[in-house]
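One structure is given below, encoded as structure tokens.
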Number of protein chains: 2
Amino acid sequence: MTTNRKLDDAARAAWLYYVAGNTQDQIATKLGVSRQSAQRLVSLAVAEGLVKVRIDHPIANCLDLARQLVARFGLTYCDVAPTDPEATSSTIGIAELGAAEMERWLRRSEPIVIAIGTGRSLRAAVEQLPRIDCPQHKVVSLTGNISPDGSAAFYNVIFSMTDRITARAFPMPLPVIASSAEERDMLRAQPMIRRTVEMASRADVAFVGIGELDDDAPLVMDGFLTPGDVARLREAGAVGEIFGWAFDAEGKLAGSINERVASSPIPDVGRTSVIAIAKGPRKLPGIAAAIRGHLVNGLITDEATAQALLNQE
Amino acid sequence: MTTNRKLDDAARAAWLYYVAGNTQDQIATKLGVSRQSAQRLVSLAVAEGLVKVRIDHPIANCLDLARQLVARFGLTYCDVAPTDPEATSSTIGIAELGAAEMERWLRRSEPIVIAIGTGRSLRAAVEQLPRIDCPQHKVVSLTGNISPDGSAAFYNVIFSMTDRITARAFPMPLPVIASSAEERDMLRAQPMIRRTVEMASRADVAFVGIGELDDDAPLVMDGFLTPGDVARLREAGAVGEIFGWAFDAEGKLAGSINERVASSPIPDVGRTSVIAIAKGPRKLPGIAAAIRGHLVNGLITDEATAQALLNQE
DNA sequence: TAAGCTCATGAGCAATTACTCATCATCGGA
DNA sequence: TCCGATGATGAGTAATTGCTCATGAGCTTA
């Protein structure tokens with residue numbers, strides 16, 4: 001509980017600093033601590049993600065790019081974050097927008113089913129979520145959460161999500177990619193898995209990441225594929241993957257690995273809002289293919305990526 | 001249009017600053033302006049209200065309510081604890097805050113006089129106090145500590161306080177309410193009592209509880225009043241009491257019982273910080289009256305009560 | 001065209017914030 | 001009990017930010 005007490009003070013200090021506009025000296029006086037401690041409390045609050053800053057202004061260029069993407073690729077939803085050309089984080093900007101969009105869905109009073117894929121951007125977005133009490137909703141994982149070594153896969157985000165929101169959660173106790181097509185079929189046949197897959201197919205909204213197929217692709221990092229597997233996928237024309245499903249430049253599933261993918265199928269954009277969260281030049285081919293092939297009908301990306309998508313062909 | 005363009009830049013600068021974490025120097029470089037201009041853009045964005053900061057912690061709402069109460073009722077101090085809807089204790093939260101505020105006063109190096117009233121919340125707050133060595137201060141009781149049966153009144157807290165802190169203590173060897181106005185006057189005339197009352201009137205800070213006037217009011221429980229007395233007080237318009245002094249909805253002393261109250265007068269808020277510690281729906285009318293009538297100028301309560309106070313009228 | 005006005009700009013400086021380091025207390029395990 | 005690890009603290013200092021002021025460009029008006 002000592003941590004709780006500390007976070008309390010941190011939140012208080014952050015409130016006094018950011019909301020009430022006190023200097024850290026004033027905060028120190030009010031809280032009866034030294035100036036340095038006040039500073040530490042404020043930065044603790046920031047580090048813990050207690051402080052959420054939102055810029056309430058649709059930057060014209062971003063809005064414009066989003067509009068163009070919607071028109072050009074028949075999207076139903078698109079949001080574009082400003083690009084910081086030298087930002088070190090690969091998720092900055094899109095994480096905040098992703099969290100905002102998730103929050104809009106979660107705030108709905110009528111019960112909905114939210115499906116969640118995998119990926120670093122998605123994880124970053126979920127970590128930006130505030131606490132929301134929404135027991136009416138269900139959150140269902142689109143993909144397994146078991147690493148080849150038996151541990152929980154790092155980029156599986158459903159547990160991070162249920163840390164913050166009080167919805168019913170349906171994880172998938174599976175690997176992302178099984179060792180063979182037969183094993184995949186056997187796993188899928190389990191009644192509990194079947195029900196989860198079924199529920200995912202009827203989700204109202206799905207948030208997914210898009211993975212590149214480099215040698216340091218997330219699926220390789222997590223140990224599901226070897227660099228050789230990825231090379232064969234590329235030879236088969238694959239340019240990206242969405243929770244394991246590899247697809248080619250037209251957005252058609254490609255490569256024999258797909259026979260071993262144990263994830264739910266990608267929900268149908270006719271029934272579900274499938275929203276991709278991804279940015280960056282390395283993911284560009286995958287993003288382009290996914291929106292061109294209508295694997296997804298929503299996109300959250302950044303200015304540079306949006307511009308690149310529009311410059312293509 | 002020029003304003004629009006400017007706001008756009010301001011939003012972008014603010015985004016780079018608050019979300020992406022750039023320094024204003026970096027922003028200046030990226031936007032191709034001078035550092036000073038970058039600073040101006042950021043502060044313009046703030047001034048225009050483009051920047052919304054949210055503290056994602058229960059404490060945030062509390063601080064906000066506290067600020068509203070201060071503004072609405074002209075308080076000099078207010079603190080609001082989070083409400084735990086299923087807490088069984090009637091003092092949880094406010095006890096900790098009360099103790100924290102007491103501690104802030106006690107930690108001062110210059111000698112002060114601290115006056116203490118009565119009540120369960122106050123007792124709970126004192127029990128949260130750490131041991132503090134502060135022989136420079138004086139603690140003076142605002143009210144008697146003798147029950148009608150001659151024992152020490154349970155809710156008198158000055159001894160609990162001096163168990164923990166090494167300050168000079170000035171209790172009041174009196175009942176809270178005398179059996180007649182004459183007896184009250186006689187008791188008050190004793191030189192020692194006179195000095196104590198005099199000291200209390202010059203206290204720097206006073207911590208008081210607010211009692212409700214139900215049939216199980218603390219004054220009834222302690223045997224000072226009969227349920228009939230309380231009913232008559234209510235008929236006279238009284239809605240609450242502070243160490244014996246009953247007052248009506250405007251915060252004016254009300255009811256003939258006040259002629260028999262042997263406690264010190266409630267210190268003047270012009271000279272003393274009079275801080276009430278109270279929460280709960282049953283005490284709500286009393287709290288509202290006390291702050292509206294400026295019997296107190298400080299309040300420690302919980303979220304639910306704070307909200308209810310603000311919702312009134 | 002010149003005077004007067006507004007407003008943007010950058011220099012310089014003061015205030016504020018962030019970081020580093022040395023010290024000290026606390027705590028769990030040998 | 002001692003020891004090392006961990007974490008909290010305050011001093012000192014570097015980095016960053018906010019403010020003021022003088023300058024000058026651009027624009028309006030006499």
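In this text, all values refer to a predicted model and were calculated from it rather than measured experimentally. Below, chains carry the letters A, B, ... as their sequence lines are ordered, and counting in each starts from 1.
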Take the protein atom [atom1] of [X] and the nucleotide atom [atom2] of [N], then report the distance between them rounded to whole Å.
{"X": "Asp25(A)", "N": "dA14(C)", "atom1": "CG", "atom2": "P", "result": "18 Å"}
{"X": "Leu44(B)", "N": "dT17(D)", "atom1": "CG", "atom2": "P", "result": "17 Å"}
{"X": "Asn22(B)", "N": "dA18(C)", "atom1": "CG", "atom2": "P", "result": "15 Å"}
{"X": "Gln26(B)", "N": "dA18(C)", "atom1": "CD", "atom2": "C1'", "result": "14 Å"}
{"X": "Leu41(B)", "N": "dG10(C)", "atom1": "CG", "atom2": "C1'", "result": "14 Å"}
{"X": "Gln39(B)", "N": "dA14(C)", "atom1": "CD", "atom2": "P", "result": "17 Å"}
{"X": "Asp9(A)", "N": "dG7(D)", "atom1": "CG", "atom2": "C1'", "result": "16 Å"}
{"X": "Arg35(A)", "N": "dT20(C)", "atom1": "CZ", "atom2": "C1'", "result": "13 Å"}

Given the structure, check if the side chain of Arg40(A) and the base of dG7(D) hold any donor-acceptor pair shorter than 3.5 Å. no
Could you tell me whether the phosphate oxygens of [N], OP1 or OP2, come under 4.0 Å of any side-chain nitrogen or oxygen in [X]?
{"X": "Tyr17(A)", "N": "dT16(C)", "value": "no"}
{"X": "Ser37(A)", "N": "dA8(D)", "value": "no"}
{"X": "Ser43(B)", "N": "dG18(D)", "value": "no"}
{"X": "Ser34(A)", "N": "dT9(D)", "value": "no"}

Taking the side chain from Ser121(B) and the backbone from Ala278(B), do they hold a donor-acceptor pair closer than 3.5 Å? no
I'd like to know if the side chain of Glu303(A) and the backbone of Thr83(A) have a donor-acceptor N/O pair within less than 3.5 Å. yes
Arg54(B)/Glu103(A) ion pair, N-O < 4.0 Å: yes
Would Asp64(A) and Arg67(A) pass as an ion pair if we require N to O under 4.0 Å? yes
Given that Gln36(B) and Gln36(A) both sit by DNA chain C, which one's nearest nucleotide is further toward the 5' end? Gln36(B)
Pair Thr305(A), Asp302(A): side-chain N/O donor-acceptor within cut-off below 3.5 Å: yes
Within the 4.0 Å heavy-atom criterion, would you say Gln24(B) contacts the bases, only the backbone, or no part of the nucleic acid? sugar-phosphate
